Amino acid sequence: MSGNNLTGELSQLFQDSHGCVESSLEILQLDGNQLHGSVPDITRFTSMTELDLSRNQLNGSLPKRFSQRSEIVILYLNDNQLTGSLADVTMLSSLREFVIANNRLDGNVSESIGSLYQLEQLDVGRNSLQGVMSEAHFSNLSKLTVLDLTDNSLALKFESNWAPTFQLDRIFLSSCNLGPHFPQWLRNQNNFMELDISGSRISDTVPNWFWNLSNSKLQLLNLSHNKMSGILPDFSSKYSILRNMDLSFNQFEGPLPLFSSDTISTLFLSNNKFSGSASFLCNIGRNISVLDLSNNLLTGWIPDCSMNFTRLNILNFASNNFSGKIPSSIGSMFHLQTLSLHNNSFVGELPSSLRKCTSLVFLDLSSNMLRGEIPGWIGESMPSLEVLSLQSNGFNGSIPQNLCHLSNILILDLSLNNISGIIPKCLNNLTFMVRKTASEYLNNAVSSLYSSTPDVLSAYQNKITVGWKGREDDYGSTLGLLRIINFARNKLIGEIPEEITGLLLLLALNLSGNNLTGEIPQKIWQLKQLESLDLSGNQLSGVIPITMADLNFLAFLNLSNNHLSGRIPSSTQLQGFNASQFTGNLALCGKPLLQRCPGDETNQSPPANDDNRGKEVVADEFMKWFCTAMGIGFSVFFWGVSGALLLKRSWRHAYFRFLDESWDWLYVKVAVRKARLQRAFQWLHEHGLA
């Protein structure tokens with residue numbers, strides 16, 4: 001009954017199954033439905049050997065304890081929303097496969113797991129389990145071959161001399177706490193094909209015995225995101241079928257090791273301290289799809305043998321000390337989606353063969369010493385390009401019109417070059433900066449796909465340093481949300497094209513440090529999403545458009561060092577910026593600048609017009625005379641009455657007699673009224689009407 005969209009409460013379904021079903025049902029597969037509720041006591045089905053409830057919507061908990069011994073061998077509860085702790089499973093002693101991954105379980109793992117002496121596969125990964133697991137959890141699991149505790153907050157603490165009785169084929173302990181020392185219990189594991197202990201808080205040198213383990217079956221090795229150190233051995237003779245290796249974000253050093261030329265598919269060695277040349281590249285076979293050597297200390301030229309990498313999807317050599325020209329053989333990487341050579345010392349022009357890499361999504365060649373004109377074929381040959389950064393090089397010539405064909409572009413950074421000429425008017429053809437597309441709702445990152453295994457596609461998350469809002473930040477998982485154009489610090493001339501205001505989704509525009517003239521486009525108000533605008537260091541003239549006050553999301557603005565004039569438009573947004581972001585415009589006035597506009601008074605807000613100013617002066621004079629007259633009138637009245645009472649005895653006696661009589665009259669009136677009300681309430685009470 002798999003995948004039939006069955007709905008309802010699981011416990012009710014089980015209650016309806018009684019009689020001979022309880023004693024005869026052996027296999028029940030309800031995976032891929034929409035069942036909800038808690039998991040009932042399954043041990044009442046005395047003949048059941050296999051139960052698959054995976055990929056449902058179960059949102060309850062497991063029974064705290066199962067009532068009787070069960071013959072169940074396979075139990076799949078993965079990919080639900082089960083909560084609570086991992087129950088006492090002593091009564092499920094026949095279990096061989098127990099999979100409850102990707103739920104919401106929390107609390108500790110019961111030591112009753114250790115009583116499942118038939119268990120071969122234990123998968124509780126991607127939950128929120130916590131606490132310590134020790135030898136007591138594993139002492140009787142001599143048949144265990146698969147252990148998956150991925151993405152939990154579990155700490156595995158064993159005695160240093162503990163030798164497990166099992167031999168594991170697959171070990172997945174990512175994000176568990178195994179450190180700080182390298183786990184010694186792995187020493188007697190010689191059969192594992194896959195080992196993932198990434199992010200496991202290990203701060204230790206990888207011992208030689210680990211590299212010398214006789215596990216020639218190794219296909220996947222992930223030691224990333226730890227603080228492991230040491231020098232790597234020659235892998236080509238040790239792991240002849242190794243496909244995927246990730247040693248990134250550690251402290252490994254020394255030269256890059258050799259790998260098998262036939263099998264390696266993904267190789268992540270970034271963020272370490274590897275040094276020396278990249279000559280080993282010529283020994284890597286045609287099957288490699290990801291090669292990430294970024295953030296190391298590698299030097300020298302890239303050997304021109306990359307024509308072997310015909311299946312390569314990701315090539316990241318960023319932040320090393322590579323030099324020389326970009327090899328022309330890079331054009332043979334027909335499936336390349338990511339090319340990042342950022343922050344090296346590459347020289348020369350872009351090889352024309354690069355135009356053959358028509359699948360590029362991410363191209364970052366920033367912070368090198370490249371020169372020559374920006375080739376127009378970038379816009380013609382790379383229709384899928386989303387990020388193009390040529391920042392901080394020596395490119396010259398003009399911005400090619402063909403770049404306007406990059407309809408998918410999200411980040412276009414040509415800053416810090418020697419580019420001259422005008423800004424193309426066709427920039428409003430950059431479709432992804434004009435309107436939202438379906439892909440944006442699905443993915444916030446700029447990802448490139450690669451094949452980690454023949455049948456599985458994985459996503460590589462591209463990262464880049466982006467300068468906007470007056471600072472530089474690294475973006476990865478949210479890179480797809482940005483819309484940025486940066487042409488800063490070049491030699492551009494002419495006016496800012498009105499068409500640029502048609503990029504309705506633009507978040508940041510930086511045209512600073514050029515020789516742009518003319519006025520700020522009047523339709524700047526159309527860039528409603530704009531958060532950062534830098535037009536400083538140009539020769540712009542005219543007034544600041546009053547409509548700039550409508551840019552409600554503007555968090556950074558720099559208009560300094562131009563020839564702007566007139567009053568800065570009044571708005572909470574613009575007056576909230578620092579005065580330094582408007583300085584260097586000699587004819588500019590108004591807040592936040594100290595320079596006041598003509599007609600401004602010292603303590604007054606700028607008048608709207610002369611008529612209002614006249615009305616304010618008249619109102620001011622009236623209030624002064626009104627207050628003076630009120631003061632004089634009060635003084636005359638007070639002293640006139642008080643003086644008469646003090647000097648005339650008969651008037652004084654008459655005045656106080658009047659006050660006494662008035663008080664007596666008021667007292668009598670109140671007393672009489674009170675007596676009448678009391679009599680009325682008493683009458684109502686006696687006649688039952690109250």
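The structure presented is a predicted model; accordingly, all values stated were derived computationally and were not measured.
Within the 3.5 Å criterion, the main-chain N or O of Leu168 finds no donor-acceptor partner in the side chain of Asn191. Side chain of Asn152 to main chain of Leu129: a donor-acceptor pair is present (N/O by atom type, distance under 3.5 Å, no hydrogens or angles). A donor-acceptor pair is defined here as one N or O able to donate and one able to accept, closer than 3.5 Å; such a pair exists between the side chain of Ser289 and the backbone of Ser265. Of the possible donor and acceptor atoms, none in the side chain of Arg311 sits under 3.5 Å from a partner among the backbone N and O of His335. With hydrogens and angles ignored, the 3.5 Å screen pairs no side-chain donor or acceptor of Asp364 with any backbone N or O of Ile464. Looking only at distances, a side-chain donor or acceptor of Gln337 sits under 3.5 Å from a matching main-chain atom of Leu449. Although no hydrogens or angles enter the test, the distance criterion places no donor-acceptor pair under 3.5 Å between the side chain of Glu159 and the main chain of Ser134. Checking side-chain atoms of Gln167 against main-chain N and O of Asn188 turns up a donor-acceptor pair under 3.5 Å. Under a 3.5 Å cut-off, the side chain of Asn140 and the backbone N or O of Ser115 do not form any donor-acceptor pair. Put simply, the side chain of Asn127 gets close to the backbone of Leu105: a donor and an acceptor are under 3.5 Å apart.
The minimum heavy-atom distance linking Met48 with Leu28 is given by the pair CE-CB, 4.1 Å. Residues Asn103 and Asn78 come closest through the heavy atom pair ND2-CA, 3.9 Å. Scanning both residues, Cys357 and Ile330, for their nearest heavy atoms gives SG-O, 3.5 Å. Minimum interatomic distance between Leu116 and Leu92 (heavy atoms only, all atoms of both residues): CD2-O, 3.1 Å. Heavy atoms only, all atoms of each residue included: Phe317 and Leu281 are closest at CZ-CD1, 3.8 Å. Minimum heavy-atom separation, Ala136 to Ser139: O-OG, 3.9 Å.
Side chain to side chain, Asn56 and Asn80 fail the donor-acceptor criterion of an N or O pair below 3.5 Å. No hydrogens or angles considered: nothing links the side chains of Thr83 and Ser61 as a donor-acceptor pair under 3.5 Å. In this model, a donor atom of one side chain and an acceptor atom of the other lie less than 3.5 Å apart for Lys238 and Asn212. Side-chain N/O atoms of Asn295 and Ser270 include no donor and acceptor closer than 3.5 Å. Inspection of the Asn462 and Ser448 side chains reveals an N or O donor paired with an N or O acceptor under 3.5 Å. Side-chain contact, Asp151 with Ser175: a donor N or O sits under 3.5 Å from an acceptor N or O.
Looking only at side-chain heavy atoms (C-beta outward), Ile264 and Asn287 stay at 4.5 Å or farther from each other. Side-chain contact between Trp209 and Leu186 is present, with heavy atoms from C-beta onward closer than 4.5 Å. The closest side-chain heavy-atom distance from Met228 to Ile197 is below 4.5 Å. Pro183 places a side-chain heavy atom less than 4.5 Å from the side chain of Ile202. Between Phe268 and Phe249, every side-chain heavy-atom pair lies at or beyond the 4.5 Å cut-off. Counting heavy atoms from C-beta outward, Phe235 and Trp211 have side chains that approach closer than 4.5 Å. Thr49 has its side chain within reach of Ile27: a pair of non-hydrogen atoms, C-beta onward, lies under 4.5 Å apart. At a threshold of 4.5 Å between non-hydrogen side-chain atoms, the residues Leu232 and Leu247 count as touching.
Heavy-atom contacts from other residues, nucleotides or ligands closer than 6.0 Å to CD of Gln68 number more than 12. By the neighbour-count criterion of 12 heavy atoms within 6.0 Å, atom CG of Asn161 is densely surrounded, having more than that number from other residues, nucleotides or ligands. Gln118 CD: more than 12 foreign heavy atoms inside a 6.0 Å radius. Environment of NZ in Lys227: sparse, with no more than 12 heavy atoms of neighbouring residues, nucleotides or ligands closer than 6.0 Å.
Once rounded to the nearest 0.5 Å, the distance linking CG of Leu223 with OG of Ser174 reads 11.0 Å. Annotation: the span from Asn59 atom CG to His36 atom NE2 amounts to 7.0 Å, rounded to 0.5 Å. Here OG of Ser128 is found 10.0 Å from CG of Leu154. Values are rounded to the nearest 0.5 Å. The structure places CZ of Phe66 at 5.0 Å from CD1 of Ile42, a figure rounded to the nearest 0.5 Å. For the atom pair Cys176 SG and Gln130 CD, the distance stands at 12.5 Å (nearest 0.5 Å). Distance check: Ser275 OG to Leu297 CG gives 6.5 Å after rounding to the nearest 0.5 Å.
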Verdict with supporting geometry, Val206 and Phe252, side-chain contact (heavy atoms from CB on, under 4.5 Å) | CA-CA 9 Å; Val206 178; Phe252 292 115; 3.8 Å; yes
Go through Leu213 and Phe192 one step at a time and tell me if the side-chain contact (heavy atoms from CB on, under 4.5 Å) criterion holds.
-> CA-CA 10 Å; Leu213 290 175; Phe192 60 85; 3.9 Å; yes
Verdict with supporting geometry, Met382 and Leu388, side-chain contact (heavy atoms from CB on, under 4.5 Å) | CA-CA 10 Å; Met382 302 175 181; Leu388 173 62; over 6 Å; no
Just do the side-chain contact (heavy atoms from CB on, under 4.5 Å) check on Tyr460 and Asn316 with the steps written out, would you?
-> CA-CA 11 Å; Tyr460 178 89; Asn316 191 344; 3.1 Å; yes
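None of Val89, Asp41, Asp88 except one satisfies the side chain to side chain contact (heavy atoms under 4.5 Å, CB included) rule with Arg65; the exception is Asp88. Each of Ile284, Asp292, Ile314, Leu256 was scored for a side chain to side chain contact (heavy atoms under 4.5 Å, CB included) with Leu267, with one residue passing: Ile284. For the side chain to side chain contact (heavy atoms under 4.5 Å, CB included) criterion with Asp148, the lone passing option out of Arg170, Arg126, Gln121 is Arg126.
Ring geometry, Phe138 versus Phe158: the interplanar angle exceeds 60°, so the pair is classed perpendicular (tilted spans 30 to 60°).
Taking the charged nitrogens against the carboxylate oxygens, Arg55 and Asp31 do have a contact shorter than 4.0 Å, which makes a salt bridge. The pair Glu120-Lys143 fails the salt-bridge criterion, with no side-chain N (NZ, NE, NH1 or NH2) lying under 4.0 Å from an Asp/Glu carboxylate O.
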